[in-house]
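Below you'll find the structure, written out as structure tokens, and then a few comments.
The sequence lines fix the lettering, A, B, ..., with proteins before strands; numbering per chain opens at 1.
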Amino acid sequence: MKYDFKSADRKWQDRWEQAQLFRAREDSSLPKFYALVEFPYPSGAGMHVGHIKAYSGLEVIARKRRMQGFNVLFPIGFDAFGLPTENYAIKTGIHPRKVTDDNIARFTSQLKRVGFSFDWSRVVDTTEEDYYKWTQWIFRKMFDAGLVFRAKTLVNYCPSCKVVLSNEDSQGGKCDICHSDIVQKSKDVWYLRITEYADKLLEGLEEVDYLPNVRLQQENWIGRSEGAFVNFPIHGTEESLRIYTTRCDTMFGATFMVIAPEHPILEKYRSRITNIAALDAYKEECAKKTEFERTQLVKDKTGVRIEGLEAVNPASGRLIPIYISDYVMMGYGTGAIMAVPAHDERDYDFACKFGIEIIEVIKGGDIGKEAYTGDGEMINSGFLDGISTKKEAIAAMLRYLTEKGIGEKGVQYKMKDWAFNRQRYWGEPIPIVHCPRCGMVGVPYEELPLRLPVVENFAPGEGGESPLAKIDSFVNCSCPKCGGAAKRETDTMPQWAGSSWYFLRYTDPHNDRAFASEEALRYWLPVDWYNGGMEHVTRHMIYSRFWHRFLYDIGEVPVKEPYAKRTAQGLILGPDGEKMSKSKGNVVDPNDVVDEYGADVLRIYTLFMGDYASAAPWNENSVKGCKRFIDRTAALTELVRGRGVTPQLETSFHKTIKKVSLDIEAMKFNTAIACLMSLINEIYDCGSLTRDELEIFIRLLSPFAPHLCEEIWESLGNRGFASVAAWPEWEESKTVDASVEYAVQILGKLRGTITVPADADRDAVLAAAKASERIAPQLEGKQLIKEIFVPGKLVNFVVK
RNA sequence: GCCGGUGUGUCGGAAUUGGCAGACGAGACAGACUCAAAAUCUGUUAUCCGCAAGGGUGUGUGGGUUCGAGUCCCACCACCGGCACCA
């Protein structure tokens with residue numbers, strides 16, 4: 001059969017659509033499988049082949065599950081709010097709504113050309129009113145639950161562009177767009193109290209099946225640590241400086257303190273401090289740096305001693321100096337630390353630079369050279385002296401702190417509360433009204449969605465305000481509570497909002513009375529398998545797990561954890577080995593590949609190019625290899641002779657069914673395809689196969705290359721679709737060859753091989769090995785010390 | 001600086017998790033078909049010595065454990081990704 005991929009691609013995509021073959025069925029008596037891929041941001045650049053790889057993994061699994069009889073939900077949608085669209089709109093004057101619609105149309109056509117088995121009847125678009133209505137609804141619920149608050153914080157601000165910038169866009173202290181200097185500006189920020197869910201998010205990891213490194217990354221992001229809060233009295237005042245430490249055992253060695261430059265104590269004791277000008281100058285320097293940069297200056301510690309204030313080490317009773325330095329952050333712990341230079345590397349660097357005393361309190365290192373962070377016997381530590389483990393010393397110190405009332409055990413998280421507002425137009429309006437009498441009032445549920453006003457000018461407002469602030473008709477409103485004049489919140493939500501719950505909407509996407517019905521949620525949740533990029537495993541996944549867990553707590557969803565299993569795919573790099581980007585000009589457009597080689601080749605190559613989880617460069621020549629495989633498969637139709645089993649191929653078929661089945665489950669698509677290629681080579685060597693065998697081959701290949709497989713399936717006279725034909729099964733007993741080849745080693749070196757019946761036992765194999773032509777002479781005259789026998793693999797003779 | 005990952009032929013990558021390194025694909029070389037090219041098909045292809053049989057060396061580097069190491073342990077080097085100096 002000569003295979004014309006152009007007509008076959010179109011023909012089968014049309015037929016699948018007519019038959020609505022991939023629609024998830026509303027039949028809760030069937031076993032379900034919910035496969036989720038991260039929905040794309042529909043950028044103006046269109047899709048690149050990396051998107052295809054990201055979807056083709058679960059595509060294969062979803063198709064296999066359908067063939068295994070599952071009711072499969074495999075949806076797709078668009079995460080379409082966001083800055084690039086807004087910036088493009090500002091630049092071109094085209095409204096973001098139009099930009100978004102055009103981009104979605106383009107993405108949709110690209111996806112359809114690849115023949116993905118998405119359920120197109122369930123597409124969601126986060127920018128549509130009947131979607132973001134529910135995003136706002138969930139936010140309102142959080143507001144009611146007290147999980148929303150406002151606080152002042154420092155943000156990166158570009159005075160020239162008049163916008164607040166992310167760390168990413170303000171690297172080196174320069175604005176990414178206009179290259180002017182960034183300043184740190186104090187601003188009111190909306191927060192979601194995600195830290196309240198830190199423990200729940202950690203515990204939830206116990207009941208899910210994530211890749212180990214995904215789980216580890218989430219644990220590190222949440223970053224729970226146990227330690228102690230301790231109050232260090234400020235000498236000559238009634239007040240204390242409160243610190244957090246995980247190493248309270250080293251407290252006798254605390255020879256100074258460091259506070260963040262923004263610490264409020266500076267303002268409070270302004271009059272007592274004699275070098276306030278120097279401190280202010282340092283603080284101003286710090287304000288120019290982003291938080292990220294403050295963490296970069298590692299080697300050369302900077303700081304200024306506060307003259308006129310001293311603290312008392314509550315363990316040793318000694319007076320110790322206080323410094324300000326930017327290596328201490330206001331955002332973690334209490335913004336103040338006790339510094340123990342002998343046993344902390346950063347404190348050690350700082351002490352060396354400023355000539356501060358270093359007191360060893362744990363034996364075992366050489367503190368003349370470097371900080372010692374290991375375990376050892378306590379010294380110079382009063383009542384702790386002689387204790388030999390960290391654990392005991394911490395326990396003893398905690399008892400002491402509690403008894404004396406100067407401190408207590410405490411838990412801290414690395415994770416910060418979630419800054420939830422953006423000063424942008426193209427996002428979900430935050431449904432809050434500011435009333436001069438009632439304060440912050442939520443927009444009533446029945447008034448949702450709070451629509452994003454359609455305006456011509458969506459450029460940023462003055463002083464980093466949202467563009468919405470310029471629209472009087474939007475801003476001015478009446479208070480839902482008291483009816484008096486009030487103003488709307490004009491900031492919008494971050495892009496993370498819409499993507500935090502989209503998987504819930506897929507279960508019931510057209511529901512206008514709830515974000516999804518209870519029945520749909522109960523049947524489809526949790527997501528059985530979620531695949532996406534490593535870059536999303538912390539922020540996006542933790543945010544969405546937080547939202548989901550909140551919805552569980554208020555009884556809106558039936559399961560605690562949204563994602564039962566999470567895997568991640570690796571990047572596709574450009575042909576030059578660099579990350580694909582428009583500016584490097586190394587982007588491969590899936591349409592070009594489909595035009596030249598067909599959808600099946602694109603699908604197979606993205607999965608065959610390497611380990612699914614690793615990055616690999618695009619290689620046009622290897623694409624051709626996949627094309628050959630497709631053509632060789634089509635040509636198999638000419639080798640069909642009769643029905644039944646070809647004895648010469650029987651074992652290979654059973655082995656292949658087994659390997660392909662198991663490899664798909666392990667996302668080892670490259671070896672699954674390699675195995676099918678090997679089988680085809682064997683079939684060609686053999687010269688013929690039966691129709692039954694070809695049908696097995698087609699069903700195994702169908703998830704990878706569905707268009708070709710439908711075409712062959714039809715040409716064999718089958719009715720119905722190969723895409724939903726039964727998945728082949730293997731018989732374990734038939735995956736075993738009649739005879740086995742053993743490697744024979746002498747002293748671990750390969751000296752020959754022997755072939756024995758598969759059921760030969762240890763003695764028989766050893767005897768055969770000793771007697772074999774190659775081995776016998778080499779054993780002659782040697783003393784046999786040991787015989788190693790590995791069933792089915794090898795024998796090894798240890799001789800002297 | 002911290003955290004995570006990777007390192008295997010000319011290239012992408014396999015290796016049942018401690019058991020014959022290099023499956024499969026690409027590339028290259030040779031041959032068949034062709035007026036010719038493409039496509040297709042058939043061989044060869046880690047490396048060194050050897051006419052051959054055969055032997056030596058080989059998974060970033062240096063050590064170690066083991067009958068046996070790409071795989072485990074220690075130290076180091078290089079590259080990639082993430083980061084919030086997390087006290």
Side-chain angles (χ1 to χ4, degrees), chain A residues 167 212-214 216-217 220-221 223-225 227-228 243-248 250 254 258 290-299 301 325-329 331-340 343-347 349-350 412-416 534-535 537-538 570-571 573 577 579 604-605 608-611 613-629 631-632 635 659 662 668 670-681 684 741-753 774 785-799:
Chain A
N167 285 342
N213 55 337
V214 169
L216 188 64
Q217 277 203 33
N220 289 345
W221 181 272
R224 181 189 155 97
S225 80
I243 62 114
Y244 176 73
T245 179
T246 53
R247 293 297 306 273
C248 66
T250 63
V258 185
T290 67
E291 197 172 324
F292 184 73
E293 280 177 304
R294 281 171 62 168
T295 70
Q296 292 293 304
L297 301 174
V298 178
K299 283 277 179 243
K301 294 272 181 289
S325 174
D326 60 7
Y327 81 92
V328 173
M329 306 286 158
Y332 183 81
T334 60
I337 62 161
M338 68 169 193
V340 185
H343 306 288
D344 181 283
E345 281 162 31
R346 287 149 306 151
D347 298 345
D349 291 344
F350 194 89
Q412 278 289 297
Y413 299 92
K414 259 201 295 196
M415 186 166 66
K416 300 171 185 172
M534 271 318 276
E535 70 274 23
V537 306
T538 47
L571 290 175
L573 307 173
K579 199 167 165 173
I604 286 192
Y605 179 61
F608 180 65
M609 61 194 301
D611 174 23
S614 308
W618 187 264
N619 183 319
E620 182 85 22
N621 277 323
S622 296
V623 178
K624 288 179 187 153
C626 293
K627 170 79 171 123
R628 271 177 214 142
F629 173 55
D631 290 339
R632 276 163 73 81
K659 182 154 179 65
L662 297 180
K668 293 168 76 168
N670 53 339
T671 51
I673 294 167
C675 183
L676 290 167
M677 288 174 167
S678 292
L679 180 57
I680 223 175
N681 291 342
Y684 273 93
E741 193 182 58
Y742 275 80
V744 183
Q745 299 182 335
I746 296 173
L747 284 171
K749 285 203 187 295
L750 183 68
R751 292 299 177 210
T753 58
R774 294 268 321 271
I785 298 169
K786 204 170 170 186
E787 296 167 332
I788 313 280
F789 173 75
V790 182
K793 297 279 177 201
L794 59 63
V795 294
N796 185 13
F797 296 113
V798 184
V799 296

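In this structure, Lys624(A) atom NZ and rG12(B) atom P are separated by 18 Å, rounded to whole Å. Remark: P of rC24(B) and CG of Asn681(A) are 7 Å apart, rounded to the nearest angstrom. In this structure, the NZ atom of Lys627(A) is 17 Å from the C1' atom of rA26(B), given to the nearest Å. Rounded to whole angstrom, the span from the NZ atom of Lys668(A) across to the C1' atom of rU17(B) amounts to 9 Å. In this structure, Ile673(A) atom CD1 and rA26(B) atom P are separated by 13 Å, rounded to whole Å. Protein atom NE2 of His343(A) is 15 Å distant from nucleotide atom C1' of rA87(B), rounded to whole Å. Atom CE of Met677(A) is separated from atom P of rA14(B) by 14 Å (rounded to the nearest Å). Rounded to whole angstrom, the span from the CG atom of Asn670(A) across to the P atom of rA26(B) amounts to 15 Å.
Met609(A) has its side chain out of reach of Asn619(A): every pair of non-hydrogen atoms, C-beta onward, lies at least 4.5 Å apart. Taking 4.5 Å as the limit, some side-chain heavy atom of Phe629(A) sits within range of a side-chain heavy atom of Leu676(A). Residues Met415(A) and Trp221(A) have side chains in contact (heavy-atom distance under 4.5 Å, counting atoms from C-beta outward). Looking only at side-chain heavy atoms (C-beta outward), Thr753(A) and Arg774(A) stay at 4.5 Å or farther from each other. With contacts defined as side-chain heavy-atom distances shorter than 4.5 Å, the pair Val795(A)/Val790(A) does not qualify.
Residue contacts shown for Gln745(A) include a base, since a base heavy atom lies under 4.0 Å away. No contact: Met534(A) has no heavy atom under 4.0 Å from any strand. Across all strands, Arg224(A) comes closer than 4.0 Å to no nucleic acid atom at all (heavy-atom distances). Within 4.0 Å of Ala339(A), counting heavy atoms only, lies no atom of the nucleic acid at all. In this structure, Leu216(A) reaches the sugar-phosphate backbone alone: every heavy-atom distance under 4.0 Å involves primed, P, OP1 or OP2 atoms, never a base.
Ser225(A) has a side-chain polar atom (N or O) that falls below the 4.0 Å cut-off from OP1 or OP2 of rA87(B). OP1 or OP2 of rG27(B) lies within a sub-4.0 Å distance of a side-chain N or O belonging to Asn621(A). Side-chain nitrogen and oxygen atoms of Lys659(A) include none within less than 4.0 Å of the OP1 or OP2 phosphate oxygen of rA15(B). Listed pair Arg774(A) / rG55(B) meets the phosphate criterion, a side-chain N or O lying under 4.0 Å from OP1 or OP2. Applying the 4.0 Å criterion to OP1 and OP2 of rC41(B), one finds that Arg632(A) has a side-chain N or O inside that range.
Of the candidates rA87(B), rC67(B), rC86(B), the closest approach to any side-chain atom of Asp344(A) belongs to rA87(B). Side-chain proximity of Thr671(A) to rG12(B), rA14(B), rU57(B): nearest is rA14(B). Listed candidates were rA84(B), rA87(B), rG25(B). Nearest to the side chain of Lys416(A) is rA84(B). The side chain of Ala674(A) sits closest to rC24(B) out of rG19(B), rC24(B), rA14(B). Distances were taken from every side-chain heavy atom of Asp611(A) (C-beta onward) to each of rA14(B), rA26(B), rG68(B); the shortest belongs to rA14(B). With rG19(B), rU57(B), rA26(B) as the candidates, the nucleotide lying closest to the side chain of Ser622(A) is rA26(B). When distances are taken from the side chain of Val790(A) to each of rG19(B), rC86(B), rC67(B), the shortest belongs to rG19(B). Comparing atom distances between the Arg628(A) side chain and each of rA14(B), rG27(B), rC24(B) picks out rG27(B) as nearest.
Using cut-offs of 30° and 60° for the angle between ring planes, the Tyr605(A) and Trp618(A) rings count as perpendicular.
Here rC29(B) sits opposite rG43(B) as a Watson-Crick or G-U wobble pair (both hydrogen-bonding atom distances under 3.5 Å). Across all strands shown, rC76(B) pairs with rG60(B); the Watson-Crick or G-U wobble distances both stay below 3.5 Å. Checking rG70(B) for Watson-Crick or G-U wobble geometry (two distances, each under 3.5 Å) identifies no partner in any strand. Using N1 to N3 plus N6-O4 or O6-N4 for Watson-Crick, or N1-O2 and O6-N3 for G-U wobble, each under 3.5 Å, rC2(B) pairs with rG82(B).
rG18(B) and rC83(B) have their C1' atoms separated by 36 Å, given to the nearest Å. The gap from the C1' atom of rC74(B) to that of rG25(B) amounts to 38 Å, rounded to the nearest Å. Rounded to a whole angstrom, the distance from the P atom of rU6(B) to that of rU16(B) is 15 Å. Nucleotides rU59(B) and rU47(B) are separated by 13 Å at their C1' atoms, to the nearest Å. Nucleotides rU10(B) and rU45(B), compared at atom P, are 15 Å apart to the nearest Å.
Partners of Glu741(A) under the side-chain hydrogen bond (donor to acceptor under 3.5 Å, both in side chains) rule, at least two apart in sequence or in another chain, do not exist in this structure.
Residues Gln217(A) and Glu741(A) each lie close to RNA chain B; by heavy-atom proximity, the contact nearer the 5' end of the strand is made by Gln217(A). Where Tyr413(A) and Lys793(A) each meet RNA chain B at their nearest nucleotide, the meeting point lying more 5' is that of Lys793(A).
In this structure, rG9(B) shows a glycosidic angle within 90 degrees of zero, which is the syn conformation.
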Tabulate protein N/O versus nucleotide N/O from nucleotides 29-31 of chain B, keeping only pairs under 3.5 Å, one per line.
none

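In this structure, Met677(A) and Phe608(A) approach most closely via the heavy-atom pair SD-CZ, 3.8 Å. Heavy-atom minimum distance, Cys248(A) versus Met338(A): CA-CE, 4.2 Å. Of all non-hydrogen atoms in Leu750(A) and Ala743(A), the two that sit nearest each other are CD1-CB, 3.7 Å. Residues Val340(A) and Asp347(A) approach most closely at N-OD2, 3.0 Å, considering heavy atoms.
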